[in-house]
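Bear in mind that the values here come from a model prediction, so they are computed numbers and not experimental data.
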Amino acid sequence: MAIEPPFFEKYKAILQSSANEKEKPSTVEGFEELELPLIDLSHLNLGPLERQECIEKMGQAAIEWGFFQIVNHAVPDELLNRLKQEQIKVFQQPFDKKSENNFLNLSVQSYRWGNPLATSLRNLSWSEALHISLKDISKMDEYNKLRSTIEEYAEKANFLAQRLAEYLAQNLGIKANYFQENCSPSSSSLRMNRYPPCPYPSMMFGIIPHTDTDFLTIVSQDQVGGLQLKTNGRWVSVKPNPKALVVNIGDFYQALSNGVYKSITHRVIANQETERYSAAYFYCPTYETVIESCSKPSLYKKFSFKEYREQIQKDVKATGDKVGLSRFLL
């Protein structure tokens, strides 16, 4: 049975009209490839000067790039490899099974593909994903190896994300226990992505340009490449580092930091020949948490996670895309 989502059948009209109009979002041609700032977390365990220098370097990357990569992060390679193998097994299942409402006993729409509201190639993502809210893991078969691997990874990723968030908070004067108080282990989520080979890589994206709805995202990716971010008004490609995890600032940390840290627009370009896998851990607050800028005058009005999600849903329904933080500017 076919494993691939039915992109051609679902988006036949868009593909035909785009071919007629020669619509091309120019996604892949001639982009400079850069290495993200590299943070060695082992320096946090050295002397006070090395520790402070590491924290400041992290903060500077969050200010200038909104992205950085980390090594010596205490997430074992064996666990990351196991997660990828389980991820491959999930996506190699028949599409008809993956698209069932109770797939893996998870919530409806945990398995996603394309963009059901796409109106053109510019907002069509040539990818499939399994988006798992951590509070849903207990619904999975307790003997399922995927469940045990996700539980193990989520515990490590949550601890790492909290540490990183707290270190970044030191540069802003945010109280040390802010994230412990507002982010529970079950409030975050894990999104496993597969990007199938795309026959029209110059015409569409693997994932359309977006920012992340969280405090921090931790990404484990393979070496295929394809991640791009927008810096100083131009798109640049991120060179994969086999030993590093990628970290990026989300919308909530930009609002909390009053615009000091940047939630940067990023995307994944499509690849004609090679499939790509990644796993993103979204470090999120509880639904009721109110995000308020840490300094005055505030750039943003305060809002709850719930209000933010509801606004995104309205905007996506109306425009096919997320508007994001600009909705909450004062």
Side-chain angles (χ1 to χ4, degrees), residues 34-84 134 148-190 212 214-223 227 229 238-250 252-254 256-257 260-264 278-285 294:
L34 300 177
E35 291 191 24
L36 295 173
L38 183 65
I39 311 295
D40 186 344
L41 296 186
S42 68
H43 290 192
L44 294 168
N45 301 319
L46 301 177
L49 289 178
E50 291 88 348
R51 177 185 175 87
Q52 188 57 35
E53 183 180 326
C54 181
I55 293 171
E56 289 177 359
K57 187 177 179 182
M58 204 184 302
Q60 200 59 35
I63 292 169
E64 295 179 2
W65 288 78
F67 272 78
F68 52 92
Q69 53 188 343
I70 54 174
V71 293
N72 293 314
H73 42 66
V75 181
D77 287 343
E78 181 276 330
L79 176 56
L80 292 170
N81 290 334
R82 188 158 26 105
L83 180 66
K84 183 182 176 183
L134 296 190
S148 62
T149 303
I150 289 175
E151 285 178 328
E152 187 178 348
Y153 177 73
E155 183 179 352
K156 297 278 189 185
N158 187 75
F159 179 73
L160 175 60
Q162 183 177 307
R163 284 179 66 210
L164 295 173
E166 289 173 349
Y167 289 133
L168 288 166
Q170 290 183 24
N171 297 311
L172 301 171
I174 297 169
K175 62 182 182 178
N177 62 347
Y178 176 88
F179 295 98
Q180 278 185 307
E181 289 181 351
N182 293 295
C183 302
S184 74
S186 63
S187 62
S188 297
S189 60
L190 176 68
D212 289 351
D214 62 359
F215 281 119
L216 291 174
T217 307
I218 298 174
V219 178
S220 170
Q221 61 174 341
D222 60 23
Q223 300 308 297
L227 175 63
L229 58 92
V238 174
K239 185 177 182 180
N241 182 334
K243 296 183 178 179
L245 295 174
V246 174
V247 180
N248 64 277
I249 300 296
F252 296 159
Y253 221 139
Q254 177 167 323
L256 179 66
S257 71
V260 174
Y261 295 155
K262 303 298 189 295
S263 180
I264 297 296
S278 68
Y281 182 86
F282 299 103
Y283 185 57
C284 298
C294 68

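Rounded to the nearest 0.5 angstrom, F252 CZ and C183 SG are separated by 9.5 Å. Taking OG of S42 as the reference point, atom CD of E50 lies at 10.0 Å (rounded to 0.5 Å). For the atom pair CZ of F159 and CG of L164, the computed distance is 10.0 Å after rounding to the nearest 0.5 Å. Taken from CG in L256 to CD in Q254, the straight-line distance is 11.0 Å, to the nearest 0.5 Å.
At least one side-chain heavy atom of Y178 sits under 4.5 Å from a side-chain heavy atom of F215. Within the 4.5 Å cutoff, no side-chain heavy atoms of N248 are placed close to those of L216. By the 4.5 Å heavy-atom criterion applied to side chains, Y153 and L190 are counted as neighbours. A heavy-atom distance below 4.5 Å is found between the side chains of Y281 and L134. Within the 4.5 Å cutoff, the side chain of L41 has heavy atoms near those of the I39 side chain. Here the side chains of L168 and M58 are in contact, with some heavy-atom distance below 4.5 Å. You'll find the side chain of T217 reaches within 4.5 Å of the side chain of V219, heavy atoms only. For the pair F179 and E166, the minimum side-chain heavy-atom distance is below 4.5 Å.
In terms of heavy atoms, L38 sits closest to A244 at CD1-CB, 4.5 Å. Scanning both residues, E152 and L79, for their nearest heavy atoms gives CD-CD1, 3.8 Å. The nearest pair of heavy atoms linking A157 to I218 is O-CD1, 3.8 Å. The shortest heavy-atom contact between H73 and L160 is O-CD1, 3.9 Å. Nearest heavy atom pair, residue W65 against residue I264, reads O-CG1, 2.9 Å. Taking each heavy atom of I55 and Y167 in turn, the nearest pair found is CG2-O, 3.5 Å.
Remark: the backbone N or O of D214 is not paired with any side-chain donor or acceptor of D212 at under 3.5 angstrom. Counting only distance, with no hydrogens or angles, the side chain of T149 and the backbone of R82 share no donor-acceptor pair below 3.5 Å. Distance alone, capped at 3.5 Å, is enough to place a donor-acceptor pair between the K262 side chain and the V260 backbone. Remark: side-chain polar atoms of S257 are paired, donor with acceptor, to backbone N or O of Y253 under 3.5 angstrom. Counting only distance, with no hydrogens or angles, the side chain of N81 and the backbone of D77 share a donor-acceptor pair below 3.5 Å. The main-chain N or O of L245 is never found under 3.5 Å from a side-chain atom of Q69 such that the two would form a donor-acceptor pair. In this structure, K84 contributes its side chain and Q221 its backbone to no donor-acceptor pair below 3.5 Å. Judged purely by atom type and a 3.5 angstrom limit, S188 uses its side chain to pair as donor or acceptor with the backbone of C284. With hydrogens and angles disregarded, no donor-acceptor distance shorter than 3.5 Å links the side chain of Q52 to the backbone of L49.
In the displayed structure, E151 atom CD is contacted under 6.0 Å by more than 12 heavy atoms of other residues, nucleotides or ligands. Atom CD of Q170 is surrounded by more than 12 heavy atoms from other residues, nucleotides or ligands within 6.0 Å. Within 6.0 Å of the NZ atom in K156, the count of heavy atoms belonging to other residues, nucleotides or ligands does not exceed 12.
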Practice problem: Show your reasoning for whether side chain to side chain contact (heavy atoms under 4.5 Å, CB included) applies to V75 and L80. | Solution: CA-CA 7 Å; V75 181; L80 292 170; 3.8 Å; yes

Exercise. Give the intermediate values and the outcome of side chain to side chain contact (heavy atoms under 4.5 Å, CB included) for residues K57 and H43.
Key: CA-CA 11 Å; K57 187 177 179 182; H43 290 192; over 6 Å; no

Quiz item: Yes or no on side chain to side chain contact (heavy atoms under 4.5 Å, CB included) for I70 and D40, after CA distance, side-chain angles and deciding distance?
Solution: CA-CA 6 Å; I70 54 174; D40 186 344; over 6 Å; no

Exercise. In sequence, state the C-alpha distance, the side-chain angles, and the governing distance for I63 and Y261, and then conclude on side chain to side chain contact (heavy atoms under 4.5 Å, CB included).
Key: CA-CA 5 Å; I63 292 169; Y261 295 155; 3.7 Å; yes

